[in-house]
Visitor: 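Questions regarding the structure given below will be posed in turn.
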Amino acid sequence: MPELPELEIFKQYVDSTSLHQNIETIEVKNGKVLGGISASELKRGLEGRRFESTRRHGKHLFVELGDGEWLLLHFGMTGSLKYYKDADEEPTHARVLISFGNGYHLAFDDQRMFGKVDLIEDPDGYVEKQQLGLDPLDVDFTAFRQRLEGRRGEIKATLMNQRVFAGIGNIYSDEILFQVRLHPRTTVGRLDEGALHDLHEQTGRVLRVAIERGTSPGGLPESFLLPHRQEGADCPRNNGKIQKTKAAGRTAYYCPTCQPRI
DNA sequence: AGTACCACCTGACGGC
DNA sequence: TGCCGTCAGGTGGTAC
C-alpha cells in the first residue's frame, strides 16, 4: 500500500500513538528488514529513549529520537504499522516490535520484507544522499515545471522516478494521469504549459484527497480511477472500459478514451 | 538520460 | 484438492 498518502497516514498514526513514551524493548523478528545496522545496534539505539517527533519525505518516514538520531522507516511493497496492546493482536508479518512503557507495542509489519528499518543521523542529509526529489506536496508550480523541463522520458515513469519527485508510485501515478487525461506513455516533452499546470494541480489534489479520505479504494471519490482500477471495469466518466498496459515496467491502468495515446 | 529486465521475498489467485 | 505459473501499490543493479 505504501505510497505518499499511506506514508502520511503512517506519520499521523505514529504521532497520535507512539510519541513521548519510554521505549522499553525492541524485538527484531526478522533481520532482513534492517538496513545498515544489526539487531543489537537497533536495540541500543532505541531502548530507553523516546520518539520525539516525525518527518516524512516521499515514501520515507523519519522518527526523531533526540541527540541527533533518527529511526528511518521505509515500507517497501507490503509494509505497515500497527499499534496494539494484547499479544494476540500482533500482526501476521511483524518484523520489528517496539514495546513501550505503557504496555502497548508498535509493530513494523512487512510480508515481503522489501521494507527497511534503519538508524540515521540526519533526514536532510539522507534525502540528499539518496538524491530524492522534492515531496510533491511541497512543490509550487514553478518548481514543478522546472523539475520536468528537459526530461525526455515517459510521464508515468517520470512521475514514479523518486529522484524527480519523491512519493508517487504505480497506483497514484495511474490516478493522477487519469485525472489529467494523459496516456501513461506520453512523452514529458510533449506537455505544454497548460498540461503541466493541470498535472501539478491534480497531483496535489489526488494526493491530498487520498490522505483525507483514507487510501482504501472504497473510500475514494467515485470520480477516481482507483475504485475501478481493473481491466474491463467501467471508466468513472462513462467513456468505456478500463484497459491495462505496460509502462515503466509496471502494469498501468487507464481509460483509452479519456487518455488517448498521442 | 531512459528503458527493459532481473533480483530481492511471500502469498493470493486462476487454470488445469 | 493440489500443483504451477503469474502477478502484486518498491527499489537497486545491469545491460543496451
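In the text below, chain A, chain B and the rest are named by the order of the sequence lines, each starting its count at 1.
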Visitor: Can you confirm whether A/L220 sits close enough to A/E175 that some side-chain heavy atom of one is under 4.5 Å from a side-chain heavy atom of the other?
Guide: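 Not touching, per the 4.5 Å side-chain cut-off.
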Visitor: Considering only atom P, compute the distance from C/dT6 to B/dC5 and round it to an integer number of Å.
Guide: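 14 Å, rounded to whole Å.
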Visitor: Looking across every strand, which nucleic acid part, if any, lies under 4.0 Å from A/R185 by heavy atom: base, sugar-phosphate, or nothing?
Guide: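 Here A/R185 touches the backbone only, sparing every base.
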Visitor: Would you mind checking if A/R95 and A/D109 are paired as a salt bridge, meaning a charged N to carboxylate O distance below 4.0 Å?
Guide: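 Looking at A/R95 together with A/D109, the answer is no, because their closest N to O distance does not fall below 4.0 Å.
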Visitor: Looking at every strand, decide which applies to A/T251 at a 4.0 Å heavy-atom threshold: base, sugar-phosphate, or nothing.
Guide: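 Sugar-phosphate, no base atom in range.
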Visitor: Under 4.0 Å between any heavy atoms, over every strand shown, what does A/Q130 touch: base, sugar-phosphate, or nothing? Just pick one.
Guide: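 Touches sugar-phosphate only.
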Visitor: Taking the cut-offs as 6.0 angstrom to the six-membered ring centre and 45 degrees off its axis, would you call A/R229 and A/F178 a cation-pi pair?
Guide: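 A/R229 over A/F178 ring: no.
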Visitor: Hey, are the side chains of A/H93 and A/K29 touching, using non-hydrogen atoms and a 4.5 Å cut-off?
Guide: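 A/H93 vs A/K29: side chains apart.
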Visitor: For DNA chain C, just give me the dot-bracket, please: Watson-Crick or G-U, both distances below 3.5 Å, ( ) intra-strand, [ ] crossing earlier pairs, | paired with another strand, . unpaired.
Guide: .|||||||.|||||||
Visitor: How far does the P atom of B/dC9 sit from the matching atom of C/dC3, given to the nearest Å?
Guide: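 24 Å, rounded to whole Å.
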Visitor: Examine the base of C/dA8 for any acceptor or donor lying under 3.5 Å from a partner atom in the side chain of A/R112, and report the outcome as yes or no.
Guide: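 Under the 3.5 Å cut-off, the side chain and the base do form a donor-acceptor pair.
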Visitor: Counting the atoms with a prime plus P, OP1 and OP2 as sugar-phosphate, which does A/R250 contact under 4.0 Å by heavy atoms, base, sugar-phosphate, or nothing?
Guide: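 Since a base atom lies under 4.0 Å of A/R250, the category is base.
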Visitor: State plainly whether the residues A/D198 and A/R181 are in salt-bridge range, i.e. N to O under 4.0 Å.
Guide: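 Salt bridge flag = no for A/R181 with A/D198.
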Visitor: Tell me whether A/F114 is stacked on the nucleobase of B/dC9, counting only the six-membered base ring and applying the 5.5 Å and 30° thresholds.
Guide: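 Check failed, A/F114 does not stack on base of B/dC9.
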Visitor: Show the numbers, then the answer: is there a side chain to side chain donor-acceptor pair (under 3.5 Å) between A/E27 and A/H105?
Guide: CA-CA 10 Å; A/E27 183 185 350; A/H105 317 275; over 6 Å; no
